[in-house]
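Not measured: the values here are computed from a predicted model.
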Amino acid sequence: MSNSKYLDSLNQEEHRNLTKKLFDKQNGKDEENNFGLTHESCNKSKQDADLRVARTLCTLEDIKNQTPNGETTSLKHVLQYYNGSKYDFKYKVNENVIEYSFPNIGDNNIYKSTIFEDKLSGEKSSFIEIPIEYIFMMG
């Protein structure tokens, strides 16, 4: 018997079907870190909240707990946790376009993005999406 009126109302077949449905929907692995207990009030307040958000918050809490004493948790710690900064980001600039690819992770497409220049400062920038394996945090 559980602490849930809803779960207690299900017969064995309904419970098995619900478990399979949730397992499939959440892409859940049958591992300890994929389960979560909530107080009844917490469960009611989350309503239809996305489980991915809850998992992300839990992961961030893990990263925070693994941060050495005296350090503030930062992008550096997130990259370390996810095994980032594995590969050098190589690119080529042709006039006002940056060209790049990600061969180390099997993506040999050549991507191109416009380079913008600030008229006052002369600072150049571009907006690109880079896989975490190529993101590097200095210092």
Side-chain angles (χ1 to χ4, degrees):
M1 185 159 193
S2 72
N3 290 330
S4 166
K5 292 177 186 176
Y6 175 73
L7 289 177
D8 290 342
S9 73
L10 300 177
N11 65 39
Q12 199 171 16
E13 170 104 17
E14 291 169 328
H15 192 274
R16 196 171 24 254
N17 289 339
L18 175 63
T19 301
K20 181 178 179 353
K21 179 181 173 184
L22 292 173
F23 188 82
D24 292 343
K25 179 180 178 182
Q26 298 170 8
N27 297 318
K29 295 179 182 172
D30 195 15
E31 297 174 350
E32 180 180 335
N33 67 353
N34 200 37
F35 292 92
L37 298 175
T38 62
H39 295 94
E40 185 177 353
S41 60
C42 296
N43 191 43
K44 287 179 180 175
S45 69
K46 77 169 181 59
Q47 296 174 348
D48 292 328
D50 192 328
L51 186 57
R52 291 174 296 176
V53 173
R55 285 185 178 140
T56 300
L57 293 173
C58 184
T59 299
L60 289 174
E61 188 64 27
D62 286 345
I63 293 168
K64 182 180 174 186
N65 291 335
Q66 292 174 16
T67 301
N69 286 338
E71 287 187 39
T72 301
T73 306
S74 67
L75 177 60
K76 174 180 86 173
H77 300 99
V78 174
L79 288 172
Q80 288 171 344
Y81 183 87
Y82 283 106
N83 244 348
S85 301
K86 287 182 175 180
Y87 309 114
D88 289 334
F89 178 62
K90 297 181 181 171
Y91 61 93
K92 183 169 54 171
V93 174
N94 290 321
E95 295 183 20
N96 67 338
V97 173
I98 183 171
E99 297 178 1
Y100 53 96
S101 66
F102 308 109
N104 300 94
I105 60 170
D107 184 353
N108 293 313
N109 293 315
I110 304 295
Y111 297 94
K112 297 179 182 185
S113 184
T114 302
I115 297 174
F116 302 95
E117 184 173 351
D118 180 76
K119 302 267 188 245
L120 293 174
S121 68
E123 187 75 28
K124 294 181 180 184
S125 61
S126 187
F127 299 95
I128 59 177
E129 187 174 333
I130 300 175
I132 195 164
E133 294 90 347
Y134 290 86
I135 296 175
F136 181 73
M137 184 74 178
M138 295 178 63

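- When side chains are defined from C-beta on, E71 counts as touching H77, because their heavy atoms get closer than 4.5 Å.
- Remark: the E99 side chain and the N94 side chain contain an N/O donor-acceptor pair separated by less than 3.5 Å.
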Practice problem: Might you work through the side-chain contact (heavy atoms from CB on, under 4.5 Å) test for F116 and K124, ending with a clear yes or no? | Solution: CA-CA 6 Å; F116 302 95; K124 294 181 180 184; over 6 Å; no

Practice problem: Kindly indicate, with the supporting measurements, whether the criterion side-chain contact (heavy atoms from CB on, under 4.5 Å) is fulfilled by L18 and L7. | Solution: CA-CA 9 Å; L18 175 63; L7 289 177; 3.8 Å; yes

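- Residue F127 is not grouped with residue I130 when hydrophobic side chains (ILVMFWY) are merged at heavy-atom distances under 4.5 angstrom, including chains of intermediate members.
- Under the rule for a salt bridge (charged side-chain N to carboxylate O under 4.0 Å, His left out), E129 has no partner lying at least two apart in sequence or in another chain.
- For Y111, the ring pair (Phe, Tyr, Trp, His ring centres under 6.0 Å) test picks out Y100, F102, with sequence neighbours left out.
- In this structure, the side chain of D107 does not engage the main chain of P103 through any donor-acceptor pair within 3.5 Å.
- A donor-acceptor pair under 3.5 Å is formed between the side chain of E14 and the backbone N or O of N11.
- In this structure, L79 CG and I132 CD1 are separated by 5.0 Å, a value rounded to the nearest 0.5 Å.
- From I110, atom CD1 reaches atom NZ of K92 across 7.5 Å, with rounding to the nearest 0.5 Å.
- A side chain to side chain contact (heavy atoms under 4.5 Å, CB included) with S113 is found for exactly one of N96, V97, I98, namely I98.
- The aromatic ring centroids of Y91 and F89 lie less than 6.0 Å from each other.
- A donor-acceptor contact closer than 3.5 angstrom links the side chains of D118 and S121.
- Considering OG1 of T59 and OH of Y82, their distance stands at 4.5 Å, rounded to 0.5 Å.
- In terms of heavy atoms, I105 sits closest to E133 at CG2-CD, 4.0 Å.
- Using a 4.5 Å heavy-atom threshold, the side chains of L10 and N17 count as separate.
- One finds the CD atom of E117 at 13.0 Å from the OG atom of S126 (value rounded to the nearest 0.5 Å).
- In this structure, NZ in K64 is found 9.0 Å from OG1 in T67, a value given to the nearest 0.5 Å.
- Side-chain polar atoms of Y134 and D88 form no donor-acceptor pair below 3.5 angstrom.
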